[in-house]
Amino acid sequence: MTDVGARHVVFAPLQDGGRVEVVARRISEAIGLGLIADGEQLPSELELAAALNVSTVTLREALMLLRQRGLVETRRGRGGGSFVRAPVDASVSRLRTTLRETGVHELREIGDHLLAVSATAAQLAASRASADQIALLTGLVDQLATARTAGERRRADGRFHIELAAAAQSTRLTRQSIDLQGEIGELLWIPLGEAVERDERVAQHRAVVAAIEARDGHRARLLVEEHVELAISRLIEFHLQLVH
């Protein structure tokens, strides 16, 4: 079985149209989640347009949007091209405003989607993950354990869920996981109101990896369901504190 890989999904052909904003969102999500590293050079315009199955004109306009947002810089001359610039982490005040304006119903809807995708991915990964993918998941848990900032914790946690879906050998689940982490990942790690506690999350993720390594899909699924439900319930509690 061929590994799907989260990076492979980032550069896979777009299925929802070749609109400029869709292309920009695909690349910006990958940058924000650390799937494309700070300072990394993107493929050439011809290569990237072909990989995403869009015209070079559309790709150039998308790269222009990303330059305007400070996520990509273009260098001229020998060794030039488009290079990634890691985004500055969102301010606590902006994240609190976003959470305050996101209703309980919407948070539950997002939580339900996250639960379905992550739990299914964990169950499938237990029977499909390669040794290399299990090692990658373990490494991401170690990154989370040593992360110093909220942004680092968010990226390590988000990558864990994304690579969990990749370990399930499912392009669709991986794509949905990337979208979900881009939508809610920052909110889960708002400083002074975290819906997830770092050491607790590390222990949860280690238990999930152990279940996958033991090929126990049922346990892997239950563990993920428990920690997603807990995180979303805490996030809703924090939202209610902000609006009252």
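Values below: every heavy atom of this structure, side chains too, minus hydrogens, waters and symmetry copies. Quick note: residue numbers are just sequence positions, from 1.
The existence of a salt bridge linking R175 and D179 is confirmed by a sub-4.0 Å separation between a basic side-chain nitrogen and an acidic carboxylate oxygen. Ion pairing between a basic and an acidic side chain is recognised when a charged N comes within 4.0 Å of a carboxylate O; R19 and E61 show no such pairing.
From T174, atom OG1 reaches atom CD1 of I162 across 8.5 Å, with rounding to the nearest 0.5 Å. Between S82 atom OG and L59 atom CG the span is 8.0 Å, to the nearest 0.5 Å. Distance check, rounded to the nearest 0.5 Å: CG of L114 to CD of Q181 gives 6.0 Å. With values rounded to the nearest 0.5 angstrom, L63 atom CG is found 11.0 Å from T58 atom OG1. With rounding to the nearest 0.5 angstrom, the CD1 atom of I184 is 4.0 Å from the CD1 atom of I232. From Q143, atom CD reaches atom OG1 of T138 across 11.5 Å, with rounding to the nearest 0.5 Å.
Under the rule for a salt bridge (Lys or Arg N to Asp or Glu O under 4.0 Å), the partners of E21 that lie at least two apart in sequence or sit in another chain are R69. Legend: residues meeting side-chain contact (heavy atoms from CB on, under 4.5 Å) with A122, ordered by chain and number and at least two apart, are L164, A220, V224. Checked against salt bridge (Lys or Arg N to Asp or Glu O under 4.0 Å), R172 has no partners two or more places apart in sequence or in another chain. Scanning for side-chain contact (heavy atoms from CB on, under 4.5 Å) contacts around V10 gives A30, L35, I36, I178, with sequence neighbours left out. Every residue meeting the side-chain contact (heavy atoms from CB on, under 4.5 Å) condition with R219, not counting sequence neighbours, appears here in chain and number order: A211, D216, L223. Among residues two or more places apart in sequence or in another chain, the side-chain contact (heavy atoms from CB on, under 4.5 Å) test is passed with T120 by L124, L173, R221. Listed by chain and residue number, E45 satisfy the salt bridge (Lys or Arg N to Asp or Glu O under 4.0 Å) test with R60 (two or more places apart in sequence, or in another chain).
In this structure, the side chain of E152 engages the main chain of R148 through a donor-acceptor pair within 3.5 Å. Looking at N53, its side chain never comes within 3.5 Å of a backbone N or O of P13 through a donor-acceptor pair. Without hydrogens or angle criteria, T56 side chain to L46 main chain gives no donor-acceptor distance under 3.5 Å. Counting only distance, with no hydrogens or angles, the side chain of R26 and the backbone of A12 share a donor-acceptor pair below 3.5 Å.
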Trace of the side chain to side chain contact (heavy atoms under 4.5 Å, CB included) decision for L33 with R154: CA-CA 8 Å; L33 292 164; R154 175 184 67 84; 4.0 Å; yes
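Under the side chain to side chain donor-acceptor pair (under 3.5 Å) criterion, the residue pairs touching residues 190-207 are D142-R206, D157-R201, D157-H205, E200-R234, with sequence neighbours excluded. Residues in residues 85-98 take part in these side chain to side chain donor-acceptor pair (under 3.5 Å) pairs, two or more places apart or across chains: D89-R155, S91-S93. Residue pairs meeting the ring-ring contact (aromatic ring centres under 6.0 Å, His included) criterion with at least one partner in residues 19-67, sequence neighbours excluded, are absent. Judged as a ring-ring contact (aromatic ring centres under 6.0 Å, His included), not a single pair has a partner in residues 163-202 (not counting sequence neighbours).
Closest non-hydrogen pair, A165 versus S177, comes out as CB-CB, 4.0 Å. Of all heavy-atom pairs spanning A6 and A166, the tightest one is N-CB, 3.8 Å. Closest non-hydrogen pair, E225 versus A119, comes out as CG-CB, 3.6 Å. Among all heavy-atom pairs drawn from A231 and A195, the shortest one is O-CB, 3.3 Å.
Taking 4.5 Å as the limit, some side-chain heavy atom of H113 sits within range of a side-chain heavy atom of Q176. Counting heavy atoms from C-beta on, the side chains of E226 and L230 never come closer than 4.5 Å. The shortest side-chain heavy-atom distance between M64 and Q68 falls under the 4.5 Å cut-off. S28 places none of its side-chain heavy atoms less than 4.5 Å from the side chain of I31.
Under a hydrophobic clustering in which Ile, Leu, Val, Met, Phe, Trp and Tyr are joined whenever their side-chain heavy atoms come within less than 4.5 Å, directly or via other members, V92 and L188 fall into the same cluster. Using a 4.5 Å cut-off between side-chain heavy atoms of Ile, Leu, Val, Met, Phe, Trp and Tyr, with links allowed through other members, L180 and V22 fall into different hydrophobic clusters. Under the 4.5 Å side-chain heavy-atom criterion for ILVMFWY residues, a single connected hydrophobic cluster contains both L14 and L66. Residues L95 and V104 share a hydrophobic cluster, clusters being chains of Ile/Leu/Val/Met/Phe/Trp/Tyr side chains in contact below 4.5 Å. V9 and L140 fall into different hydrophobic clusters, defined by Ile, Leu, Val, Met, Phe, Trp and Tyr side-chain heavy atoms under 4.5 Å apart, directly or through other members.
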Would you tabulate the side-chain donor-acceptor contacts of residues 235-244 under 3.5 Å, counting partners in other chains and residues two or more places apart, or write 'none'?
unit_1, atom_1, unit_2, atom_2, d
H239, ND1, L99, O, 2.9
H239, ND1, T102, O, 3.1
H244, ND1, L240, O, 2.7

